[in-house]
> 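Once you've had a glance at the structure underneath, I'll fire off some questions.
Keep in mind the model is a prediction, meaning the values are calculated, not measured.
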Amino acid sequence: MGQAPGRRRGRVTRRADTMVQQVLYRALVSTKWLAESVRAGKLGPGLRVLDASWYSPGTREARKEYLERHVPGASFFDIEQCRDKASPYEMMLPSEAGFADYVGSLGISNDTHVVVYDGDDLGSFYAPRVWWMFRVFGHRTVSVLNGGFRNWLKEGHPVTSEPSRPEPAIFKATLNRSLLKTYEQVLENLESKRFQLVDSRAQGRYLGTQSEPDAVGLDSGHIRGSVNMPFMEFLTEDGFEKSPEELRAMFEAKKVDLAKPLIATCRKGVTACHIALAAYLCGKPDVAIYDGSWFEWFHRAPPETRVSQGKGGKA
């Protein structure tokens with residue numbers, strides 16, 4: 001009889017742990033974990049790996065590099081295909097049906113654990129965007145490969161040039177609108193200030209003193225009231241995600257309150273997802289992405305809402 005309360009406490013603790021795990025799936029997996037999963041033959045309908053690399057035109061060729069070498073069993077996730085091609089803005093989300101069809105063709109169902117990586121020299125660039133895309137379409141079991149392909153190669157893990165041919169699966173996408181913000185919502189927020197707004201671009205582009213790369217007719221600058229947290233600073237020099245303690249300190253240093261609502265923005269809704277990932281690792285899973293980001297804002301917003309230190313103070 002005397003041991004019953006202890007057993008009950010253990011059950012309660014385990015139940016609480018389970019509840020936390022249900023809310024926050026592991027956002028990162030290690031290269032060691034993935035290498036062991038590959039070695040054990042675990043890749044299949046229950047575990048799929050995606051190479052989500054993308055590079056500026058004229059620099060590197062993501063698909064060509066994938067065909068030369070990738071994690072064994074990985075499929076190439078072509079973000080140029082999995083987007084709203086009819087939109088005048090950059091890299092906008094596809095429809096629910098478009099996303100479902102695309103990831104289903106990669107053998108991903110609603111029961112698949114998806115691991116995403118990219119080959120960027122930073123260790124991670126586009127992978128957090130694809131991580132967020134799965135989450136915004138209602139998929140919980142998705143992780144980023146911590147350290148990326150850069151560290152997979154550095155640590156000597158196996159690679160192959162053999163393209164993967166997964167059996168197509170059925171994926172049902174359900175858009176979670178709480179993780180997505182539109183132009184109208186961000187415009188309204190300038191008055192209501194219900195959300196904090198954080199911009200993940202490099203400081204020069206945020207301030208308007210450095211031009212936007214590969215852009216015609218797009219000045220640099222930022223949305224009035226936004227705070228700057230360059231996404232590169234969330235990563236170590238070796239290309240790994242910083243610890244939750246370090247990330248928390250970074251948010252605190254910028255006076256960003258993780259207990260309050262937060263919208264992340266950038267140039268086209270890609271590196272903003274690094275802010276969402278960093279906050280998630282600090283226990284905040286509800287950061288919303290302004291999908292149109294600066295590219296849409298520059299073309300649509302009233303001039304007085306665009307701040308720049310270049311060109312007379314307005315972008």
Side-chain angles (χ1 to χ4, degrees), residues 25-55 60-85 91 93-120 124-153 155 157-176 270 273 277:
Y25 194 76
R26 56 181 164 165
L28 300 175
V29 296
S30 69
T31 46
K32 181 172 180 281
W33 179 89
L34 184 58
E36 286 170 358
S37 299
V38 169
R39 199 176 305 118
K42 289 183 179 172
L43 269 64
L47 175 63
R48 297 287 188 202
V49 180
L50 301 177
D51 178 339
S53 302
W54 184 94
Y55 307 110
R60 293 166 62 181
E61 294 180 51
R63 187 181 284 277
K64 182 171 175 283
E65 289 187 25
Y66 165 81
L67 291 170
E68 287 166 0
R69 59 180 186 177
H70 53 265
V71 172
S75 294
F76 185 69
F77 185 100
D78 190 343
I79 203 155
E80 291 285 359
Q81 294 300 316
C82 193
R83 65 183 177 93
D84 179 1
K85 296 178 191 171
M91 293 293 178
L93 277 178
S95 65
E96 288 174 330
F99 184 79
D101 288 349
Y102 186 77
V103 302
S105 73
L106 301 177
I108 295 166
S109 76
N110 297 89
D111 298 321
T112 306
H113 177 197
V114 181
V115 174
V116 193
Y117 73 86
D118 63 61
D120 199 272
S124 176
F125 199 112
Y126 266 72
R129 167 72 181 188
V130 177
W131 169 81
W132 172 77
M133 286 173 76
F134 273 97
R135 292 183 60 243
V136 82
F137 283 117
H139 194 69
R140 196 176 66 86
T141 55
V142 58
S143 313
V144 171
L145 179 64
N146 196 13
F149 197 50
R150 166 187 165 183
N151 282 286
W152 180 269
L153 293 173
E155 293 164 16
H157 297 301
V159 293
T160 183
S161 60
E162 192 178 325
S164 74
R165 294 183 177 82
E167 187 76 25
I170 292 174
F171 185 93
K172 181 167 171 33
T174 308
L175 184 64
N176 178 355
V270 173
C273 300
L277 177 60

> What residues form a salt bridge (charged side-chain N to carboxylate O under 4.0 Å, His left out) with Glu65, not counting sequence neighbours?
Arg60
> With heavy-atom distances below 4.5 Å as the criterion, would you say the side chains of Leu93 and Phe137 are in contact?
yes
> Can you tell me how far CG of Leu277 sits from CZ of Arg135, rounded to the nearest 0.5 angstrom?
9.0 Å
> Could you tell me whether the side chain of Arg48 and the main chain of Gly107 form a donor-acceptor pair under 3.5 Å?
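Checking the backbone N and O of Gly107 against the side chain of Arg48, a donor-acceptor pair under 3.5 Å is found.
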> In Å and rounded to the nearest 0.5 Å, what is the CG to CG distance from Leu145 to Asn151?
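It comes to 8.5 Å.
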> The test is side chain to side chain contact (heavy atoms under 4.5 Å, CB included); show your working for Val115 and Leu47 and say whether it passes.
CA-CA 8 Å; Val115 174; Leu47 175 63; 3.9 Å; yes
> Tell me if the CD atom of Glu162 is crowded by more than 12 foreign heavy atoms within 6.0 Å.
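No, not enclosed.
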> Decide whether a cation-pi geometry holds between Arg129 and Trp54; the criteria are a distance under 6.0 Å from NZ or CZ to the six-membered ring centre and an angle within 45° of the ring axis.
no
> Which word best sums up how the rings of Tyr25 and His113 line up, parallel for under 30°, tilted for 30 to 60°, or perpendicular for over 60°?
perpendicular
> Just so I know, are the side chains of Tyr126 and Ile79 near enough to count as touching, which here means a heavy-atom distance under 4.5 Å?
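Sidechains of Ile79 and Tyr126: in contact.
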> Tell me, do Thr160 and Arg69 make a side-chain contact under 4.5 Å, heavy atoms counted?
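No; the side chains remain at least 4.5 Å from each other.
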> Are any non-hydrogen side-chain atoms of Val114 and Val103 less than 4.5 angstrom apart?
no
> With a cut-off of 6.0 Å (strictly less than), are more than 12 heavy atoms of other residues, nucleotides or ligands near CD of Glu155?
yes
> Would you name the heavy atoms of Ser161 and His70 that are closest together and state the gap between them?
C-CE1, 3.8 Å
> State the CG-CZ distance between Asp120 and Arg150, to the nearest 0.5 angstrom.
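Output value for this atom pair is 9.5 Å.
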> Looking at side-chain heavy atoms only, is the closest gap between Tyr102 and Met133 below 4.5 Å?
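In short, these two side chains do not touch, never coming nearer than 4.5 Å.
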> At what distance, to the nearest 0.5 angstrom, does CZ of Phe134 lie from CD1 of Ile108?
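Output value for this atom pair is 4.0 Å.
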> Do Thr141 and Thr112 come close enough that some side-chain heavy atom pair is under 4.5 Å?
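In short, these two side chains do not touch, never coming nearer than 4.5 Å.
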> Rounded to the nearest 0.5 Å, what separation is found between the OG atom of Ser164 and the OH atom of Tyr66?
4.0 Å
> Just do the side chain to side chain contact (heavy atoms under 4.5 Å, CB included) check on Phe171 and Leu106 with the steps written out, would you?
CA-CA 10 Å; Phe171 185 93; Leu106 301 177; over 6 Å; no
> Return the set of residues passing ring-ring contact (aromatic ring centres under 6.0 Å, His included) with His157 (not counting sequence neighbours), or none when no residue passes.
Trp152
> Please report the interatomic distance OH(Tyr55) to CG(Asp118), rounded to the nearest 0.5 Å.
6.0 Å
> Tell me, please, which residues at least two apart from Phe125 pass ring-ring contact (aromatic ring centres under 6.0 Å, His included).
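By the ring-ring contact (aromatic ring centres under 6.0 Å, His included) rule, Phe125 matches Phe231.
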> Side-chain contact, heavy-atom cut-off 4.5 Å: Phe99 with Cys82?
yes
> Evaluate the side-chain proximity of Ser109 to Ile170: yes if any heavy-atom separation is below 4.5 Å, no if none is.
no
> For Gly138, is there any backbone N or O sitting under 3.5 Å from a side-chain donor or acceptor partner on Thr174?
no
> Determine whether Val144 and Tyr117 satisfy the following criterion, side chain to side chain contact (heavy atoms under 4.5 Å, CB included), listing intermediate values before the conclusion.
CA-CA 6 Å; Val144 171; Tyr117 73 86; over 6 Å; no
